[in-house]
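Note that the structure is predicted; figures quoted are calculated from it, not measured.
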Amino acid sequence: MIIRGDEPEQVALLKKLYKPGNYFMQGNEALSYGALFAGCRFYAGYPITPSSEIAETMARELPKLGGYYLQMEDEIGSIAAMVGASWTGFKVMTATSGPGFSLMQENLGYAAMTETPLVLVDVQRSGPSTGQATKGAQGDFFQARWGTHGDHPIIAVSPTSGQDAFWEVIRAFNIAEKLRNPVVFLFDGVLAHTREQIRIPNVEEVEIAYRKLPANEEEARLPFGDPHGDGVPPMPLFGHGYFTHVTGSTHKENGLRDVYTPEVHDRLVRRLHRKIEQNRHIYEKYEEHFTEDAEILVVSWGVTARPALGAVLKAREEGIKAGLFVPKTVHPFPGERMRELGKNVRAVLVAEMNLGQMIIEVERYLNDDVLLRGVNRIGGVPLTVGKILREIRGVA
Amino acid sequence: MAKEIYSTYPMIKYLRKEALPTALCPGCGGGTVLNAFANAVDGLKIDPKDLVVVSGIGCSAWIASPYFLADTLHTTHGRAIAFATGVKVGLPDKKVVVISGDGDLASIGGNHLLHAARRNIDITVILVNNMIYGMTGGQVAPTTPFGAKTTTSPYRNIEHPLQISETVAAAGASYVARWTTAHVYQLIESIKKALQVKGFSLVEVVSQCPVQFGRRNRMKEPAEMLRWFLKNSVPINKAKKMKPEELEGKFVIGEFVNRERPEFVTELNKLIDEVQEHFGLKGE
């Protein structure tokens with residue numbers, strides 16, 4: 001049984017429970033409602049600040065929709081239970097923060113290797129280690145990309161507001177389902193706890209996607225094959241009599257382990273990467289403001305994109321030709337667009353709440369004649385319009 | 001030769017033939033456990049389509065995954081029960097079975113074992129306790145007997161072994177039994193009971209590892225290890241009357257617990273019904 005979220009019964013429940021309109025709520029709550037609209041009916045988690053309100057909202061709302069909230073004994077168990085539930089057909093999500101995200105890394109790699117759709121929300125908090133437990137940060141950019149071992153592909157999405165989180169988490173679910181891949185959702189402690197106006201849409205406004213199921217017995221026998229040439233194998237769910245074997249070890253197209261043949265490993269891992277590369281149109285997303293004639297480009301993501309936009313608007317008022325580029329899917333990085341934008345600007349400023357992480361990606365796509373500078377702040381206090389504006393003036 | 005043996009093996013219909021022969025060492029108790037499990041499934045006439053078998057990492061994780069012909073999920077080290085928890089919630093009408101070793105389920109996975117027993121989720125765990133880390137080369141385990149020699153306790157083990165069945169029974173499981181690979185028929189009966197119990201069930205099988213454990217502890221022949229099990233096994237009723245010092249180094253065998261307690265997934269679904277009822281969402 002797949003709880004898809006779009007059956008008439010589920011649509012009726014959503015309509016009855018969540019009237020369209022404007023509400024005043026936290027980013028964490030907005031994100032949770034987005035997940036419910038996307039069809040998430042299984043949540044396994046372990047409480048950690050500043051992500052806990054997501055667990056609380058899901059615990060309260062999921063049973064109303066016939067969905068399941070499980071509070072597991074730890075973060076490792078949480079992502080493990082999610083993978084198990086995903087193989088039975090559920091759309092699944094967990095939310096965690098800093099240290100919890102670190103604990104989930106091994107099974108995130110397992111999900112990538114076994115091509116298990118899931119959404120892992122990391123409400124970024126200040127670190128390293130326990131750091132400032134309740135404060136926001138953007139320090140997990142590379143943990144999302146390289147936290148687990150091996151040559152694995154990953155997709156990471158990052159919203160810029162509570163309202164954005166509602167829609168972007170739906171997009172994250174759709175990407176996970178379409179590509180049969182885990183998706184990391186990089187939220188942060190500031191947006192998570194900011195209360196603002198959030199519009200809950202009509203159910204009909206929300207487009208939701210579903211994983212590809214085997215069309216016949218033959219496809220079901222190759223749970224890790226590529227029958228359609230798009231790199232995405234149909235997923236034979238447990239309980240349908242397919243006798244599917246799933247392992248995190250290197251496996252052949254039929255799922256059976258083969259860790260001795262170099263070609264088998266090469267074929268599998270290259271397909272995992274190709275699956276992500278060739279389907280860029282499914283997940284690539286970025287926002288641009290005033291980039292057509294920009295001489296100074298601000299690149300920012302997540303929470304920092306908001307003061308960055310404020311600073312660009314102010315700079316424009318002052319006659320400075322500033323523009324803003326905001327990757328919304330941060331991994332894989334929208335490098336081609338970055339390269340194009342970089343050709344026409346004199347300076348690039350990368351604003352983020354860390355000591356310089358996305359700037360490393362940005363640098364890869366810039367020519368040497370472009371002045372590149374980071375605008376960074378740590379300590380749990382977000383960057384401000386004034387601080388970013390001063391940096392823009394500094395290179396103007 | 002392997003082909004001939006398999007072709008006359010009555011339980012072959014339950015095995016994934018393309019994965020055979022097994023990777024288990026000669027004399028390993030894993031074969032006995034796989035055989036006992038297949039016999040229990042056969043005896044209860046369970047359709048393998050109604051089974052999902054989950055395992056972790058290590059020799060014993062291989063016993064049913066990939067060899068048993070069912071949906072099989074071979075997971076990360078120590079986490080099999082947590083993965084199985086998600087499977088059970090999604091497929092409450094299927095039998096979800098975890099087969100793995102002592103290092104996997106009781107050491108790195110000890111936390112999940114305790115909490116699954118506490119929740120009393122309807123999962124059957126067959127825990128193969130060979131008292132050592134076999135696949136990684138014979139290192140000391142939390143189940144290694146006091147005084148035994150291993151590659152990482154080359155002089156002698158100075159730690160006390162974890163009593164798995166006693167611990168899981170105390171944590172709240174519905175059914176707990178311990179046997180050794182020398183008690184095959186009792187083992188099959190216990191696996192059958194465990195599969196039928198509505199709640200968390202654990203069958204601990206003390207199993208021989210002649211290659212890694214026996215050879216370093218003067219029992220390099222599998223039969224010597226089985227004789228050691230038989231000689232030192234004490235039925236639980238008898239054990240209750242014995243002093244702790246008399247039980248030192250003995251294997252207490254039998255049923256530890258067989259009781260009814262509210263089951264997790266049933267309660268979860270009941271809760272959902274109540275909530276939907278309360279908010280007037282029934283029959284939407």
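Counting heavy-atom pairs under 4.5 Å between each of A/Gly239, A/Gly241, A/Gly248, A/Ser249 and chain B puts A/Gly239 at the top. Between chain A and the residues B/Asp93, B/Val89, B/Asn269, the most heavy-atom pairs under 4.5 angstrom are made by B/Val89. With chain A as partner, the option from B/Leu114, B/Asn111, B/Val52, B/Thr85 having the largest number of non-hydrogen pairs under 4.5 angstrom is B/Asn111. Among the candidates B/Ala19, B/Gly109, B/Ala82, the residue making the largest number of heavy-atom pairs closer than 4.5 Å to chain A is B/Ala82. Among A/Leu62, A/Val83, A/Asn107, the residue with the largest count of heavy-atom pairs under 4.5 Å with chain B is A/Asn107.
To the nearest 0.5 Å, atom CD1 of residue A/Ile79 and atom CZ of residue B/Arg79 are 11.5 Å apart. In this structure, the separation between CG on A/Leu65 and CZ on B/Phe279 is 11.0 Å, given to the nearest 0.5 Å. Atom NE2 of residue A/His251 and atom NE2 of residue B/His74 lie 13.0 Å apart, to the nearest 0.5 angstrom. With values rounded to the nearest 0.5 angstrom, B/His115 atom NE2 is found 9.5 Å from A/Met72 atom CE. In this structure, A/Glu106 CD and B/Thr75 OG1 are separated by 9.0 Å, a value rounded to the nearest 0.5 Å.
The heavy-atom pair separating B/Gly280 from A/Lys16 by the smallest distance is O-NZ, 2.9 Å. Summarising the geometry of B/Leu268 relative to A/Tyr69, their closest heavy-atom pair is CD1-O, 4.0 Å, with the distance given to 0.1 Å. Residues A/Leu256 and B/Pro66 come closest through the heavy atom pair CD2-CB, 3.8 Å.
Looking at B/Val275, the atoms closer than 4.5 Å to chain A (heavy atoms on both sides) all sit in the side chain, from C-beta outward. Neither the backbone nor the side chain of B/Phe68 comes within contact range of chain A; no heavy atom of the residue lies under 4.5 Å from a heavy atom of that chain. Using a 4.5 Å cut-off between heavy atoms, A/Met82 does not touch chain B at all. With a 4.5 angstrom heavy-atom cutoff, B/Arg118 does not touch chain A via any of its atoms. Within the 4.5 angstrom heavy-atom criterion, only side-chain atoms of A/Arg257, from C-beta onward, approach chain B.
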For B/Gln276 and A/Leu13, what are the C-alpha separation, side-chain angles and deciding distance, and is it a side-chain contact (heavy atoms from CB on, under 4.5 Å)?
-> CA-CA 10 Å; B/Gln276 291 196 317; A/Leu13 281 175; 4.0 Å; yes
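Looking at heavy atoms from C-beta onward, B/Phe264 lies in side-chain contact with A/Leu70 at the 4.5 angstrom threshold. Side-chain contact between A/Thr114 and B/Leu73 is absent, with no heavy atoms from C-beta onward closer than 4.5 Å.
A/Phe224 CZ: more than 12 foreign heavy atoms inside a 6.0 Å radius. Other residues, nucleotides and ligands contribute at most 12 non-hydrogen atoms within 6.0 Å of the CD atom of B/Glu260. Heavy atoms of other residues, nucleotides or ligands lying less than 6.0 angstrom from CD of A/Glu218 number 12 at most. Enclosure of atom CD in A/Glu217 is not indicated, since only 12 or fewer non-hydrogen atoms of other residues, nucleotides or ligands lie within 6.0 angstrom.
Of residues 95-105 of chain A, no residue lies under 4.5 Å from chain B by any heavy-atom pair. Chain B is approached within less than 4.5 Å, heavy atom to heavy atom, by no residue from residues 146-153 of chain A.
Applying the salt bridge (charged side-chain N to carboxylate O under 4.0 Å, His left out) rule to pairs touching residues 70-85 of chain A yields A/Glu73-B/Arg119, sequence neighbours excluded. The salt bridge (charged side-chain N to carboxylate O under 4.0 Å, His left out) pairs that include a residue from residues 41-56 of chain B are B/Lys13-B/Asp42, B/Asp50-B/Lys94, where partners are two or more places apart or lie in different chains.
A distance-only check finds a donor-acceptor pair linking the side chain of B/Arg16 to the backbone of A/Phe243 [under 3.5 Å].
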